[in-house]
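Everything on this sheet refers to the single structure shown next.
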Protein chains: 2
Amino acid sequence: MSHATRLVHASRAGIRYGARMTTATAPPVGRRERLRTEAVQQIKAAGMDQLRTEGAAGLSLRAVARAVGMSSPGLYRYFASRDDLLTALITDVYDDLADTLERAREAAGPHLPDRLRAVCLAYYDWSDTHRPEFSLVFGAPVPTYSAPRDGSTTTAAQRFGAVFTGLLAEAWTQHAEHVARPPLLPLRPGVRLAVGDVPLPDDPRFVGVATRLWSRLHGVLALGLFGHLLPQTVEAAAVRTLYEAEVEDALHSLGLG
Amino acid sequence: MSHATRLVHASRAGIRYGARMTTATAPPVGRRERLRTEAVQQIKAAGMDQLRTEGAAGLSLRAVARAVGMSSPGLYRYFASRDDLLTALITDVYDDLADTLERAREAAGPHLPDRLRAVCLAYYDWSDTHRPEFSLVFGAPVPTYSAPRDGSTTTAAQRFGAVFTGLLAEAWTQHAEHVARPPLLPLRPGVRLAVGDVPLPDDPRFVGVATRLWSRLHGVLALGLFGHLLPQTVEAAAVRTLYEAEVEDALHSLGLG
DNA sequence: TTCGAGTGCGAGCGGTGCTAACACTGCGGT
DNA sequence: ACCGCAGTGTTAGCACCGCTCGCACTCGAA
């Protein structure tokens, strides 16, 4: 049992230090700590490589161990299980996606429709060029894997969602009266949506608008990227055409057309 | 090699006889042939059971063999590989779904909007009550599995799609001029869409309308059933609310509102 | 300096898909 | 009636998987 405790602790440390690749967190102080974070990064990189080439269910701890020149039991000093490694990778993927969307938003200038459009299209392009990653986070849940209760993936996912809901909230305060035929999705009692500390509109129509946008974008992406969309009948570029139509439709129904 | 040939032949026979569970095809004549079809049915039933409880990637040939009281190599007399069994199951799932939709269409009476609405809602209810099956056919492609070239799954999938496109074609001939803001999705050169022998409208707007309906329905289903839709924030029933809104939106934009 | 935490290893358990080699059954052709 | 062989099933086994156990070593803090 003390063994198991050490494993869990080791794994948590690995995930913690490796969560954000883009911004350097507090620098590791000791030599051992530095070596550990380097090993974690190397393992995650090898795992991500394998995930890209073999798919989510093809991720093999033993193969990752071989790739980093380590015996397979050695890997368990860094990740307590295959699911733990998967969780770390999913978190990184969410963060990468959120980074991409935030960059697109900032690069789009101050005009709100431009910003929302840019974010939507960046979402498409990221998904199109990161299909294994897209499958990993948005596809059918990996069997025998369930997201951890601590919510490390959930927080990363919310960062992604906040890019959309934040822009939608801006549009809502400006043009709420223009929204036509929104589905009414009341929040569960006690739930409050927010982007950071800024609360989102507490209106069933707003939740409906946000969810509908998200589901429409996702529908095109999922069908198109998974090859279910009228296979062989339309050009591949048609998927993006359909996606752009959904984006413009969304802007239009938000009074931003 | 003669061994391999026999395997392939055996597998094909198994798939052929087992493809349509609902309607009895040509009755097996010989005793051996009857025993074989029975074994195939039993294997597929056990496989479907396991798929429902363990998920698509958890389908294990050895476990199926144990369930039907057979050694695992014995199964290879009926299905040449795990992928072969998966293909047979996918085909059956498509057929079951198509049967369900066709029944809903016929039960809805002659009024076109009622028929289309009934089919859409039946699609939701089937997916909601058949989540593993939904994941199997519409989720991310199972890694290391690719649909066979012979298209046994494709034909079954087209039967499913034809329920939607057939009704859409009816609506199109009646109200094509009412369709607002459809995306233009030209077919690839030489491709002709048809339901059975009846050709579908050869109009980029029709393809756009059909694809957009399909992608919108799928978006809600995929996000809702896979748990990605604002988890913990809205009631579970809200997924159906959103879906119904998409259905009514589709009917409206088809001039059937 | 010491001693324990951190790190790594080989061996091994039970599971997987799949193959090889063999045995039996029963149907068809002579 | 009998033979031959396709069809069906078996056991043994390969290479892989996730994961655990028990041991060895090395570093760093007390």
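Letters A, B, ... mirror the listed sequences (proteins, then strands); counts begin at 1. Remember, it's a predicted structure, so these values are computed and weren't measured experimentally.
Look at CD on A:E54: it is 13 Å from C1' on D:dC16, rounded to the nearest Å. Between the CZ atom of B:R77 and the P atom of C:dA21 there is a distance of 13 Å, given to the nearest Å. Atom-to-atom, CD of B:E33 to P of C:dG28 comes out at 10 Å; the value is rounded to the nearest Å. Between the CZ atom of B:R34 and the P atom of C:dC27 there is a distance of 11 Å, rounded to whole Å. Atom P of nucleotide D:dT8 and atom CD1 of B:I43 are separated by 10 Å, given to the nearest angstrom. Counting to the nearest Å, the P atom of C:dT25 and the CG atom of B:L35 are 15 Å from each other. In this structure, A:F79 atom CZ and C:dG8 atom P are separated by 13 Å, rounded to whole Å. What separates CD of A:E38 from C1' of C:dT7 is a distance of 15 Å, to the nearest Å.
Scanning for salt bridge (charged side-chain N to carboxylate O under 4.0 Å, His left out) contacts around B:E235 gives an empty result, with sequence neighbours left out. A search for salt bridge (charged side-chain N to carboxylate O under 4.0 Å, His left out) contacts involving B:R62 returns nothing, not counting sequence neighbours. Every residue meeting the side-chain contact (heavy atoms from CB on, under 4.5 Å) condition with A:A104, not counting sequence neighbours, appears here in chain and number order: A:A122. Here A:R131 pairs with A:D128 under the salt bridge (charged side-chain N to carboxylate O under 4.0 Å, His left out) rule; sequence neighbours left out.
Residue A:S71 has no polar side-chain atom (N or O) positioned under 4.0 Å from OP1 or OP2 of C:dG8. Side-chain N/O atoms of A:Y78 include one lying less than 4.0 angstrom from OP1 or OP2 on C:dG8.
Taking the six-membered ring where the residue is Trp, B:W214 and B:H218 present tilted rings, their angle falling between 30° and 60°.
Ring-centre distance between A:F164 and A:Y123: below the 6.0 Å cut-off.
Applying the 3.5 Å distance criterion, the base of D:dT26 shares a donor-acceptor pair with the side chain of A:R32.
Comparing D:dT8, C:dG8, D:dG28 by their closest approach to the side chain of B:R36 singles out D:dT8.
Among residue pairs with one or both ends in residues 64-74 of chain B, none qualify as salt bridge (Lys or Arg N to Asp or Glu O under 4.0 Å); sequence neighbours excluded.
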Review item, nucleotides 15-18 of chain C N/O atoms under 3.5 Å of protein N/O:
unit_1, atom_1, unit_2, atom_2, d
C:dT16, OP1, B:S60, OG, 3.1
C:dT16, OP1, B:R66, NH2, 3.2
C:dT16, OP2, B:R66, NH1, 3.4
C:dG17, OP1, B:L59, O, 3.4
C:dG17, OP1, B:L61, N, 2.6
C:dG17, OP2, B:S60, OG, 3.4
C:dG17, OP2, B:L61, N, 3.2
C:dG17, OP2, B:R62, N, 3.0
C:dG17, N7, B:R62, NH1, 2.4
C:dG17, O6, B:R62, NH1, 2.8
C:dC18, OP2, B:Y76, OH, 3.1
C:dC18, OP2, B:R82, N, 2.7
C:dC18, O5', B:Y76, OH, 3.4
C:dC18, N4, B:R62, NH1, 3.4

